[in-house]
Asker: 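Dropping the structure in here first, questions after.
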Amino acid sequence: MILYLSGPMTGYEGFNFPAFHSAAADLRDKGFEVISPAEIEHPILDWESCMRTDIRELMFANKVAVLPGWEKSKGARIEVYLAIDLGMEIIHAHTLEPVMSICKD
């Protein structure tokens, strides 16, 4: 099972990497393979280029695991809505419970 980790980065100190690294380590300890945007090399660091790279990596996952605050992140919402449209399950990274309601307005 490959999980793609999605959550807020922009506007967070250190791009919220500590939260991504902690969640990735926890999920790996539970036996999951994890794709984390915080671990993807982004040679060009503008938002659009990062999103293109991250979305490409998302395509290798079976499910998306979301971090708290994902709903307020433009990039995370794009990742989650794309995953839903592709039939992927969205779960909470910390509890592994399904995210029950997502409004795409």
Asker: Mind listing the closest non-hydrogen atom pair of Ala23 and Leu5 along with its distance?
Answerer: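 What the structure gives for the nearest pair is CB-CD2, 3.9 Å.
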
Asker: Which residues pass the salt bridge (charged side-chain N to carboxylate O under 4.0 Å, His left out) test with Lys30, not counting sequence neighbours?
Answerer: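 Listed in chain order: Asp26.
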
Asker: Measure the shortest side-chain to side-chain distance between Ile91 and Glu97 over non-hydrogen atoms and say whether it is less than 4.5 angstrom.
Answerer: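 No; the side chains remain at least 4.5 Å from each other.
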
Asker: If you round to the nearest 0.5 Å, how far is OG1 of Thr53 from CE of Met51?
Answerer: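 These two atoms lie 10.0 Å from each other.
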
Asker: Identify the heavy atoms of Pro8 and Phe20 that sit nearest to each other, and give their distance.
Answerer: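 Closest heavy-atom pair between Pro8 and Phe20: O-CE1, 3.4 Å.
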
Asker: Could you work out, with salt bridge (charged side-chain N to carboxylate O under 4.0 Å, His left out) as the rule, every residue matching Glu39, not counting sequence neighbours?
Answerer: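 Checked Glu39 against salt bridge (charged side-chain N to carboxylate O under 4.0 Å, His left out); matches are Arg28.
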
Asker: For residues 56-66, please give each side-chain donor-acceptor pair under 3.5 Å, one per line with the distance, not counting sequence neighbours.
Answerer:
residue: Asn62; atom: OD1; partner: Ile2; partner atom: N; Å: 2.7
residue: Lys63; atom: NZ; partner: Glu89; partner atom: OE1; Å: 3.0

Asker: Can you find a pair of side-chain heavy atoms, one from Val99 and one from Val80, that are under 4.5 Å apart?
Answerer: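 Heavy-atom side-chain distance check fails, nothing below 4.5 Å.
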
Asker: Tell me which donor-acceptor pairs under 3.5 Å the side chains of residues 69-77 have, and how far apart each pair is, sequence neighbours excluded?
Answerer:
residue: Ser73; atom: OG; partner: Ala76; partner atom: N; Å: 3.1
residue: Arg77; atom: NH1; partner: Glu71; partner atom: O; Å: 3.1

Asker: Strictly by side chain to side chain donor-acceptor pair (under 3.5 Å), give each pair with a member in residues 4-23 just once, sequence neighbours left out.
Answerer: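 Of all non-adjacent pairs touching residues 4-23, those that pass side chain to side chain donor-acceptor pair (under 3.5 Å) are Tyr4-Glu79, Ser6-Glu79.
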
Asker: Using the side-chain contact (heavy atoms from CB on, under 4.5 Å) criterion, which residues pair with Asp46? Sequence neighbours excluded.
Answerer: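 In terms of side-chain contact (heavy atoms from CB on, under 4.5 Å), with neighbours along the sequence ignored, Asp46 is linked to Ile44, Glu48, Ser49.
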
Asker: Which residues pass the side-chain contact (heavy atoms from CB on, under 4.5 Å) test with Phe15, not counting sequence neighbours?
Answerer: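 Only Met9, Phe17 meet the side-chain contact (heavy atoms from CB on, under 4.5 Å) criterion with Phe15.
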
Asker: Not counting sequence neighbours, which residues clear salt bridge (charged side-chain N to carboxylate O under 4.0 Å, His left out) with Arg52? List them please.
Answerer: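 Checked Arg52 against salt bridge (charged side-chain N to carboxylate O under 4.0 Å, His left out); zero matches.
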
